[in-house]
Number of protein chains: 2
Amino acid sequence: MSHLINISEAASLALHGLAIVAKKSPDKVNAKYLAEKLNASEAHLAKIFQRLSKNGLIKSFRGPTGGFVLNKPAEEISFLDIYEIVESKVILNDCPLDKAGCTFDNCIFGDALKSISQSIYQTFKNIKLSKFIE
Amino acid sequence: MSHLINISEAASLALHGLAIVAKKSPDKVNAKYLAEKLNASEAHLAKIFQRLSKNGLIKSFRGPTGGFVLNKPAEEISFLDIYEIVESKVILNDCPLDKAGCTFDNCIFGDALKSISQSIYQTFKNIKLSKFIE
DNA sequence: TCTATTTTGGTATTTAAGTACCAGAATTAA
DNA sequence: TTAATTCTGGTACTTAAATACCAAAATAGA
C-alpha cells in the first residue's frame, strides 16, 4: 500500500505534536506527554522536537517543569514550515528522472505533476497551527 | 530536497521505458537498449520489466532477437497500472498516522489531502501509453 | 548441435528512514 | 547543595527500499 503524497511519519508526528502544544499554550508541554498522547516512542518524538527547536519553531526548557512552547504565533506556523524542517526543502518538479538527466526531450509527465505539486504546496502552506486552537 | 508526490525512480523508469516500447511497436525492444536510452543500469531496468511482464503488461521473449512488446493496446495501459505494479496498490488516505491508530478524534488534515490524493489518482489514470505514440 | 544473446530469478549489497539507547548538561525545588 | 526532572546530542540498531550481481534457462541462427 503506497501513499500518493509524500508525508513521513516524522512530519506527521511533528504536526500532531505541535497542534497539542498550540492548544495547551501558554503552558509548556513535555516530550513524555506528547509521546503518550500520540502513541509514539519518546526518543523518536524528542528527536523531532529537537529539530523544530533548532529551527526556531518552538522554544525548549530543561529541568523539572521544562518542556516546549511555540516560539511564534500559531497563525505564523504552517504545515509547510514543519514539513520542510522535518523532511527537507520542497522541490516542485515531481519527475524523479529530471534531476538525473532525463533523456526525453519533453517531460513525459507534461505539466500535470507540476501543477499538482503546486496545489499540494499551497495546501501545506494553508494548514496553520492556529486552526487547532478552539 | 523532497518531492511532494511519491514516485520512485523505478516507477518513472517503467513509464519511460514502456513509452519507448510503445513507440517501437510492433518491434521488440530489449533491456540493454532501454537501459542505454534511459541512462539506467541494465540490471535494474531488467528487474522492473520482469515485474511488468509477470503482471501481464508486456510480453517477453528470450534469446537473440528477444526483448519486450506490449501485451495489450497502448490505450489500455495507464501510468496508474504501472505505478501500482512497481510501487504497490495505491491508498487514497494520506495521513501516515491513520493506519497506526491516530489519537485525534478527527483527522488533523481534514479532507484536503484526501481530495488531492484523488486528483493525483485521476491524473495517473489519465496518462495512457498511447499518448507517447505519434 | 554449437554459440551467442537475452530474459529469469535468486541473492547480495547499498542506502535511507525510522527508531532506540544512554550519558551529559541545564534547571527547579527542597 | 542535593536530588529529581527534562532536554540535548551522539551513536547504534532495525527495517525497508533501491540497486546490483551472477549463474541458469530459453531461444535464434549458423
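Being a predicted model, the structure only gives us computed values, none of them experimental. Below, chain A is the first sequence line, B the second, and so on; all start at residue 1.
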For nucleotides 26-30 of chain C, print each protein N/O atom paired with a nucleotide N/O atom at under 3.5 Å, atom names and distance only.
from	atom 1	to	atom 2	distance (Å)
dA26(C)	O4'	Arg62(A)	NH1	3.0

Rounded to the Å, how far apart are [X] [atom1] and [N] [atom2]?
X	N	atom1	atom2	value
Arg51(A)	dG10(D)	CZ	C1'	15 Å
Lys47(B)	dT8(C)	NZ	C1'	7 Å
Lys54(B)	dT8(C)	NZ	P	9 Å
Lys32(B)	dA4(C)	NZ	C1'	12 Å
Leu52(B)	dT7(C)	CG	P	13 Å
Asn55(B)	dT8(C)	CG	P	12 Å
Gln50(B)	dA25(D)	CD	P	15 Å
Lys59(A)	dT8(D)	NZ	P	13 Å

Look at the side chain of Asn30(B) and decide which nucleotide, out of dA20(C), dT6(C), dG9(C), has an atom nearest to it.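 Selected nucleotide: dT6(C).
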
Restricting to side-chain hydrogen bond (donor to acceptor under 3.5 Å, both in side chains), what partner residues turn up for [X], sequence neighbours left out?
X	result
Ser117(A)	Asp94(A)
Asn93(A)	Asp98(A)
Ser8(B)	Glu87(B)
Gln118(A)	none

Under 4.0 Å, heavy atom to any atom of DNA chain D: which of residues 17-26 of chain A qualify?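 Those residues whose heavy atoms fall under 4.0 Å from DNA chain D, taken from residues 17-26 of chain A, amount to none.
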
Supply the atom-to-atom distance Gln122(A) CD to Ile120(A) CD1, rounded to the nearest 0.5 angstrom.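 These two atoms lie 11.5 Å from each other.
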
Who are the side chain to side chain contact (heavy atoms under 4.5 Å, CB included) partners of Ser119(A), not counting sequence neighbours? Ile116(B)

dT19(C), OP1 or OP2 - any side-chain N/O from Ser41(A) closer than 4.0 Å?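 Indeed not, no polar side-chain atom of Ser41(A) lies that close.
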
Sorted by position of nearest nucleotide on DNA chain C, 5' first, the leading residue of Val29(B) and Ala40(A) is Val29(B)

Applying ring-ring contact (aromatic ring centres under 6.0 Å, His included), which residue pairs with at least one partner in residues 24-58 of chain B are found, sequence neighbours left out? Phe49(B)-Phe68(B)

Only pairs at least two apart or in different chains count here, so list each ring-ring contact (aromatic ring centres under 6.0 Å, His included) that has a residue in residues 105-134 of chain A.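 Only Phe79(A)-Phe124(A), Tyr83(A)-Phe124(A), Phe109(A)-Phe79(B) qualify under ring-ring contact (aromatic ring centres under 6.0 Å, His included).
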
Does Phe61(A) sit in a hydrophobic cluster with other residues, and if so which ones, taking ILVMFWY side chains as linked at heavy-atom separations under 4.5 Å, directly or through other members? Val69(A)

Please classify the nucleic acid contact of Phe49(B) as base, sugar-phosphate, or nothing, using heavy-atom distances under 4.0 Å. nothing

Between Lys28(A) and Thr65(A) (side chain of the first, backbone of the second, donor and acceptor by atom type, cut-off under 3.5 Å), is there such a pair? yes

Which residues pass the salt bridge (Lys or Arg N to Asp or Glu O under 4.0 Å) test with Glu84(B), sequence neighbours left out? Lys89(B)

Give me, pair by pair, the N or O atoms of the protein and of nucleotides 14-18 of chain C that are less than 3.5 Å apart, along with how far apart they are.
none

Between Cys102(A) and His16(B), is the side chain to side chain contact (heavy atoms under 4.5 Å, CB included) condition met? List the steps. CA-CA 9 Å; Cys102(A) 183; His16(B) 287 77; 3.8 Å; yes

